[in-house]
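Below is one structure, written out as structure tokens, with a few remarks after it.
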Amino acid sequence: MPGDTDIEYASPWAGADFNPFMARRPDASTEERRMAEEFERVSWPELAKLASDVPEAGVAFRRLIRYRRRKDATTPPSEWIEPCWGIHEMPDFRMLEENELPEGIDAGMSVTSVCINVPIYLPWLVSQLLKSHVVFRRAIVEDLPDVADLHHSGHTAALIVNCTGLGSLRLGGVKDTRLFPVRGQIAVVRNAPLENQHPTMYSISGTDDGPEEASYIMHRPAAGGCIIGGCRQKNNWESQPDPSLAIRILTRAIELDPTLVPKGKGIEALSVVRHTVGLRPQREGGIRLERDVIGTKDGRKVDVVHNYGHGGGGYEKSYGAAKAVVRLVEEALAAKA
Ligand SMILES: Cc1cc2nc3c(=O)[nH]c(=O)nc-3n(C[C@H](O)[C@H](O)[C@H](O)COP(=O)(O)OP(=O)(O)OC[C@H]3O[C@@H](n4cnc5c(N)ncnc54)[C@H](O)[C@@H]3O)c2cc1C
């Protein structure tokens with residue numbers, strides 16, 4: 001639940017921004033790309049609506065600048081900017097002019113996106129569900145079908161929606177061995193422009209510190225701090241921050257946006273709130289969003305809709321994925337009727 005800090009629970013650790021131009025994995029299948037696009041296309045207007053009309057949700061518009069380094073210039077554009085969707089649908093998209101590019105940068109784009117202050121947004125989501133009289137129960141589930149018997153009415157639930165992220169690796173009835181963690185380490189710092197100074201978020205195509213390291217900056221609204229990342233370390237379950245990686249993360253952030261600190265200052269001028277780690281619930285083959293039927297120990301069959309494996313994009317795909325889940329739930333219930 002929001003407020004918990006278990007390493008297996010990915011959502012509290014995200015930045016989080018909407019950055020559909022992030023490189024898709026080069027090995028992503030056509031179906032993975034189709035799903036990602038469908039979900040992002042549905043989610044963008046919903047997140048934009050929250051940013052413009054629902055300040056208490058903790059979502060705000062931000063300019064997002066994405067750079068491609070000269071060193072990465074051989075990266076195919078499709079891996080750098082995914083042009084299939086969004087460019088025309090997200091506001092203010094443009095390629096940066098030559099004279100706007102810092103030293104060593106070969107190309108750049110600018111767009112209006114959003115940043116989500118997740119410690120505000122997650123409790124806000126809970127409050128929306130409470131308003132709809134949803135009943136919450138807390139339990140560790142060994143076998144997925146057991147959930148059907150946890151329904152607060154005392155009756156067996158008609159259907160289970162399984163959104164257990166990395167938990168589906170070990171969850172009885174699922175045990176999806178295609179899941180793996182992609183470790184992300186971030187720093188939260190106090191250095192941030194005021195809201196009316198229109199904070200800009202940045203990301204960049206690569207770093208000089210190896211293929212599993214990354215550099216990005218996000219400014220959470222409502223004084224949520226500036227999020228500095230990061231890394232994408234596959235199959236690494238380590239929950240504690242690595243101090244030397246932390247130094248590299250802070251150093252790279254100042255290179256990416258020198259205005260984070262006063263001119264001539266280094267990382268000593270970053271006021272660190274904390275260093276944290278989260279595990280992105282990645283899945284070979286992409287998100288699993290499909291219907292299933294699972295047997296219970298006493299021989300009953302339970303309908304399930306799975307929705308897990310969102311990797312590093314669970315927020316930006318959330319509304320699209322939720323809509324797809326609703327469709328599958330309706331189909332499953334109609335088939336029972
Ligand atoms: C460092 C970092 C940065 C990120 N940045 C972004 C970003 O900028 N934009 C973006 O869109 N996404 C981002 N993400 C990704 C995003 O956070 C995830 O995709 C998303 O949070 C996944 O949500 P989920 O609900 O599927 O999984 P989770 O949030 O992991 O939730 C799974 C839930 O299932 C529960 N569970 C699991 N197993 C069991 C069990 N057996 N019994 C009971 N409960 C169980 C867990 O306790 C947990 O509550 C980032 C992630 C990280 C780590």
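- In E268, the CD atom is crowded: over 12 heavy atoms of neighbouring residues, nucleotides or ligands sit closer than 6.0 Å.
- Taking every heavy atom of both residues into account, T5 and W13 meet most closely at O-CZ2, 3.5 Å.
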Exercise for the section: Quick one: do S113 and R62 satisfy side-chain hydrogen bond (donor to acceptor under 3.5 Å, both in side chains)? Show the steps, please. Expected result: CA-CA 5 Å; S113 181; R62 294 282 182 260; over 6 Å; no
Exercise for the section: Please assess I186 against I249 for the test side chain to side chain contact (heavy atoms under 4.5 Å, CB included), listing each intermediate value before the final yes or no. Expected result: CA-CA 8 Å; I186 57 164; I249 287 173; over 6 Å; no
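- Note on I160 and I287: separate hydrophobic clusters, where clusters join Ile, Leu, Val, Met, Phe, Trp and Tyr whose side-chain heavy atoms are under 4.5 Å apart, directly or indirectly.
- Annotation: side chain of L250 is in contact with side chain of H275 (closest heavy-atom distance under 4.5 Å).
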Exercise for the section: Run the numbers on I204 and D72 for side chain to side chain contact (heavy atoms under 4.5 Å, CB included), then give the verdict. Expected result: CA-CA 10 Å; I204 191 163; D72 303 326; 5.8 Å; no
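- Between I116 and P221, the shortest heavy-atom contact is C-CD, 4.3 Å.
- Using a 4.0 Å cut-off between charged side-chain N and carboxylate O, R170 and E8 make no salt bridge.
- None of D176, N162, T164 except one satisfies the side-chain hydrogen bond (donor to acceptor under 3.5 Å, both in side chains) rule with Y308; the exception is D176.
- Nearest approach of A253 to I228, heavy atoms of both residues: CB-CG2, 3.4 Å.
- No donor-acceptor pair under 3.5 Å is formed between the side chain of Q185 and the backbone N or O of L245.
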Practice task
Show your working on side chain to side chain contact (heavy atoms under 4.5 Å, CB included) between N19 and Y216 and close with a plain yes or no.
Solution key: CA-CA 11 Å; N19 191 347; Y216 58 86; over 6 Å; no
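- Heavy atoms only, all atoms of each residue included: S43 and G320 are closest at OG-N, 3.0 Å.
- Checked options R248, R183, R232; the residue passing with E213 is R248 (criterion: salt bridge (Lys or Arg N to Asp or Glu O under 4.0 Å)).
- Without hydrogens or angle criteria, R178 side chain to G285 main chain gives no donor-acceptor distance under 3.5 Å.
- Between the CG atom of L64 and the CG atom of D92 there is a distance of 11.5 Å, given to the nearest 0.5 Å.
- Under the 4.5 Å side-chain contact rule for hydrophobic residues, Y9 and V188 share a cluster.
- With values rounded to the nearest 0.5 angstrom, L333 atom CG is found 11.0 Å from L328 atom CG.
- When hydrophobic clusters are built by joining Ile, Leu, Val, Met, Phe, Trp and Tyr residues whose side-chain heavy atoms come closer than 4.5 Å, directly or via intermediates, I65 is grouped together with L101.
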Exercise for the section: For the pair E100 and R94, evaluate salt bridge (charged side-chain N to carboxylate O under 4.0 Å, His left out) and give the outcome as yes or no after the intermediate values. Expected result: CA-CA 12 Å; E100 295 174 284; R94 68 181 181 87; 2.7 Å; yes
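- Listed by first then second residue, pairs satisfying salt bridge (Lys or Arg N to Asp or Glu O under 4.0 Å) with a partner in residues 196-211 read R69-D208, K71-D208, D209-R252, not counting sequence neighbours.
- Panel note: side chain E212, backbone C231; no donor-acceptor pair is recorded below 3.5 Å.
- Counting heavy atoms from C-beta on, the side chains of Y315 and S11 come closer than 4.5 Å.
- Looking at every heavy atom in both residues, I217 comes nearest to C226 through CG2-SG, 3.7 Å.
- Within the 4.5 Å cutoff, the side chain of D292 has no heavy atoms near those of the V174 side chain.
- Atom OG1 of residue T156 and atom NE2 of residue H151 lie 10.0 Å apart, to the nearest 0.5 angstrom.
- Put simply, the side chain of I227 reaches to within 4.5 Å of the side chain of R220, judged on heavy atoms.
- Counting only heavy atoms from C-beta outward, the side chains of P91 and W44 approach each other to under 4.5 Å.
- In this structure, R283 CZ and H310 NE2 are separated by 10.5 Å, a value rounded to the nearest 0.5 Å.
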Practice task
Could you walk me through whether D4 and R138 pass the side chain to side chain contact (heavy atoms under 4.5 Å, CB included) test, one step at a time?
Solution key: CA-CA 12 Å; D4 294 346; R138 186 190 282 272; 2.8 Å; yes
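- Rounding to the nearest 0.5 angstrom, the gap separating the CE atom in M95 from the CZ atom in R68 is 7.5 Å.
- For K336, the NZ atom sits in a packed shell: over 12 heavy atoms of surrounding residues, nucleotides or ligands are nearer than 6.0 Å.
- Under the 4.5 Å side-chain heavy-atom criterion for Ile, Leu, Val, Met, Phe, Trp and Tyr, V147 and V325 are members of distinct hydrophobic clusters.
- Here M1 sits in one hydrophobic cluster together with V126, L129, L130, V134, F136; the rule is ILVMFWY side chains under 4.5 Å apart, joined directly or through other members.
- Atom CG of N307 sits about 11.0 Å away from atom CZ of R288, to the nearest 0.5 Å.
- In this structure, N191 contributes its side chain and S271 its backbone to a donor-acceptor pair below 3.5 Å.
- E37 has no carboxylate O lying under 4.0 Å from a charged side-chain N of R33, or vice versa, which leaves the two without a salt bridge.
- Shown here for D303 and A332, the closest heavy-atom pair between the two residues is OD1-CB, 4.5 Å.
- The shortest distance between side-chain heavy atoms of P145 and R300 does not fall below 4.5 Å.
- Counting only heavy atoms from C-beta outward, the side chains of M218 and C115 approach each other to under 4.5 Å.
- Counting heavy atoms from C-beta outward, T200 and D257 have side chains that stay 4.5 Å or more apart.
- Clustering ILVMFWY residues whenever any of their side-chain heavy atoms sit less than 4.5 angstrom apart, transitively, puts F39 in a cluster other than the one holding V59.
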